[in-house]
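The shown structure was predicted, so the numbers you read here are calculated from the model rather than taken from an experiment. Below, chains carry the letters A, B, ... as their sequence lines are ordered, and counting in each starts from 1.
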2 protein chains.
Amino acid sequence: MNPATANIEEAILSAILAGRIDPGTRLGEQKLADLFGVSRTRVREAMMRLETRGVVQVSARRGWYVVEPSAEEAREAFQTRRVIETGLLHSLREVPAEVLKSLKEHVAMERDAIGAGDVHSRACLLGDFHIHLADALGNRLLTEIIRDLTARTTLISMLYQPTEKAEESSHDHEDIVAAMEDGDLARAARLMDEHIGKVEAGLDLTAKPDPLAGLRALLSPAAFAGNAPSVPPIHAQPPHDQPHIHGHPATKED
Amino acid sequence: MNPATANIEEAILSAILAGRIDPGTRLGEQKLADLFGVSRTRVREAMMRLETRGVVQVSARRGWYVVEPSAEEAREAFQTRRVIETGLLHSLREVPAEVLKSLKEHVAMERDAIGAGDVHSRACLLGDFHIHLADALGNRLLTEIIRDLTARTTLISMLYQPTEKAEESSHDHEDIVAAMEDGDLARAARLMDEHIGKVEAGLDLTAKPDPLAGLRALLSPAAFAGNAPSVPPIHAQPPHDQPHIHGHPATKED
DNA sequence: GCTCACAAACTTGTATACAAGGCTGTAAGC
DNA sequence: GCTTACAGCCTTGTATACAAGTTTGTGAGC
């Protein structure tokens with residue numbers, strides 16, 4: 001693969017994994033081309049690769065957007081992760097010492113980040129745990145699949161999870177590693193199943209991704225009470241600034 | 001996604017799943033463009049998507065080639081399939097009646113194809129079983145992952161499996177469906193694990209993919225005995241007709 | 001004041017032109 | 001006869017130009 005194209009692809013994917021790009025963000029070809037100092041051609045290549053990996057979507061002649069998974073797609077993503085990651089733990093016969101060491105170090109880093117209140121790197125680390133775990137098998141193919149899935153669930157969390165329960169997740173990770181250390185991989189798999197289930201359950205999948213959510217706040221009684229500035233409320237956040245892809249129009253009954 | 005581009009992508013992937021395109025086949029951009037009646041641009045898009053899915057690879061300024069997985073990559077692909085498909089069966093709580101019906105019909109089709117000696121559709125059906133099984137969860141994301149993996153293992157089988165044990169595979173499928181029908185999904189998962197293990201074990205991963213294999217036959221003693229026509233043996237099958245990607249040069253000791 | 005139609009600006013979609021590099025066949029030199 | 005250098009051809013790599021469609025801003029009409 002072309003290194004420059006790979007860089008664009010990797011840069012965007014990393015930014016998403018790190019939670020630095022919101023779902024629904026528009027990624028204009030020309031803007032990215034200028035940013036990376038290449039022509040649109042290369043940007044388009046990268047975007048199409050990312051589209052295949054389920055990270056971005058194109059809306060015809062409107063632009064590329066970071067995906068905003070629907071509730072149904074969110075369920076599928078978590079189910080898929082559950083299937084793969086429990087399957088992975090079940091299929092592990094033994095855990096290599098260095099893998100265990102690496103995982104323990106990773107969990108320690110998670111706790112440090114949480115203790116330091118480093119919201120940014122903590123979200124990144126929590127997702128990274130699962131990618132590290134995939135490395136336990138030394139299977140690059142599987143690792144890449146899990147990496148893409150993690151990117152997807154990261155976006156889902158940003159969409160549907162108002163409050164991130166970082167401490168709880170990190171504690172779960174710790175328990176999973178402990179089970180692995182005991183050589184009780186069946187327990188590790190069960191814990192993983194529960195862990196992913198918890199994360200999924202913590203989401204509010206009924207709260208559809210709604211690009212007008214911010215607008216609604218402006219339309220709340222408080223706004224009408226007069227504490228909003230003279231900004232015209234209807235156009236304060238025009239819909240096209242964060243357009244949606246999956247067809248969740250503003251609910252009409254509002 | 002653009003429909004025309006999707007068609008090219010899908011056409012090539014289907015052909016691979018059906019075993020109609022050999023690993024290592026060169027896919028020239030211009031040739032495909034003429035074939036599909038579009039410009040190279042669209043072909044390149046499709047190829048890059050397929051590259052992301054692990055189906056083709058580009059060799060700089062030489063062309064696109066259907067992947068020839070190395071022995072290591074073959075092991076990874078089978079391990080990944082084992083992880084995912086056993087994980088899938090374990091996570092199934094119950095098997096919907098219509099899924100069971102569909103799977104039974106599929107196995108029946110496999111047996112018919114084997115009985116009729118229809119080599120072509122039988123290979124396609126054997127791979128399709130796993131894709132159908134993924135549908136059991138109704139999870140499109142997981143189905144697509146398994147579909148790509150199946151494409152990969154199909155190519156691997158074509159590279160490393162001289163004799164396909166179709167009857168045995170079909171019988172395995174039958175047993176798995178039977179276990180599912182009994183509601184014994186743990187047994188189904190175990191059988192699946194064994195089944196994939198058997199398929200993998202049936203491969204000769206020591207036999208590196210060797211584009212000069214056909215050439216070697218010409219150089220065998222029989223050829224020297226004079227039953228080969230006056231075709232100059234060295235250039236009868238020039239290496240560049242089926243170039244290799246993964247760096248398995250002709251062994252020098254020959 | 002409000003609605004609707006239209007035009008301008010902007011964005012992606014597609015093709016094409018040219019650049020850059022690899023492979024093959026040929027011929028010169030040994 | 002054998003090796004090696006080189007020219008020509010072929011293929012992909014990249015940029016750019018233009019086509020097609022979408023969104024938005026403006027102004028006429030009611």
Item to check | Heavy-atom closest pair, residues S70(B) and Y160(B) | outcome: C-OH, 3.3 Å
Checklist entry - dT12(D), dG13(C), dT11(C): which one has an atom nearest the side-chain heavy atoms of W64(A)? => result dG13(C)
Checklist entry - dT12(C) base to R61(A) side chain: any donor-acceptor pair below 3.5 Å? => result yes
Item to check | Protein-nucleotide distance (Y65(B), atom OH; dG22(C), atom C1'), rounded to Å | outcome: 10 Å
Item to check | Short side-chain N/O contact from R62(A) to OP1 or OP2 of dG21(D), under 4.0 Å | outcome: no
Next on the checklist: Show the nearest heavy-atom pair for residues I156(A) and P69(A), with the distance to one decimal.
Outcome noted: CG1-CG, 3.5 Å
Checklist entry - For M48(A) and dT14(D), what is the distance between atoms CE and P respectively, to the nearest whole Å? => result 13 Å
Item to check | Listed nucleotide nearest any side-chain atom of T41(A), set dT16(D), dG13(D), dG13(C) | outcome: dT16(D)
Next on the checklist: Without decimals, in angstroms, what is the distance between Q57(B) CD and dT11(D) C1'?
Outcome noted: 17 Å
Next on the checklist: Using the side-chain heavy atoms of V58(A), tell me which of these nucleotides is nearest: dG22(C), dT11(C), dG13(C).
Outcome noted: dG13(C)
Checklist outcome for this item: Of dA17(D), dT23(D), dT14(D), the nucleotide closest to the side chain of R40(A) is dA17(D)
Next on the checklist: Rounded to whole Å, how long is the line connecting atom CD of E29(A) with atom C1' of dT14(D)?
Outcome noted: 15 Å
Item to check | Euclidean distance, atom CG of residue D34(B) to atom P of dT12(D) [Å, nearest integer] | outcome: 11 Å
Checklist entry - Checking R152(A) side chain against V67(A) main chain: does a donor-acceptor pair fall under 3.5 Å? => result no
Checklist entry - Does A60(A) or E45(A) map to a spot on DNA chain D nearer the 5' end, using the closest nucleotide for each? => result E45(A)
Checklist entry - Given atom CZ of R44(B) and atom P of dT16(D), what is their separation to the nearest angstrom? => result 16 Å
Next on the checklist: Please tell me if R42(B) has a side-chain N or O lying less than 4.0 Å from either OP1 or OP2 of dA15(C).
Outcome noted: yes
Checklist outcome for this item: When rounded to whole Å, the CZ to P distance for the pair R26(A) and dT22(D) reads 14 Å
Next on the checklist: Pairing donors with acceptors under 3.5 angstrom, does anything connect the side chains of R81(B) and T153(B)?
Outcome noted: yes
Item to check | R44(A) and M47(A), any side-chain heavy atoms less than 4.5 Å apart | outcome: no
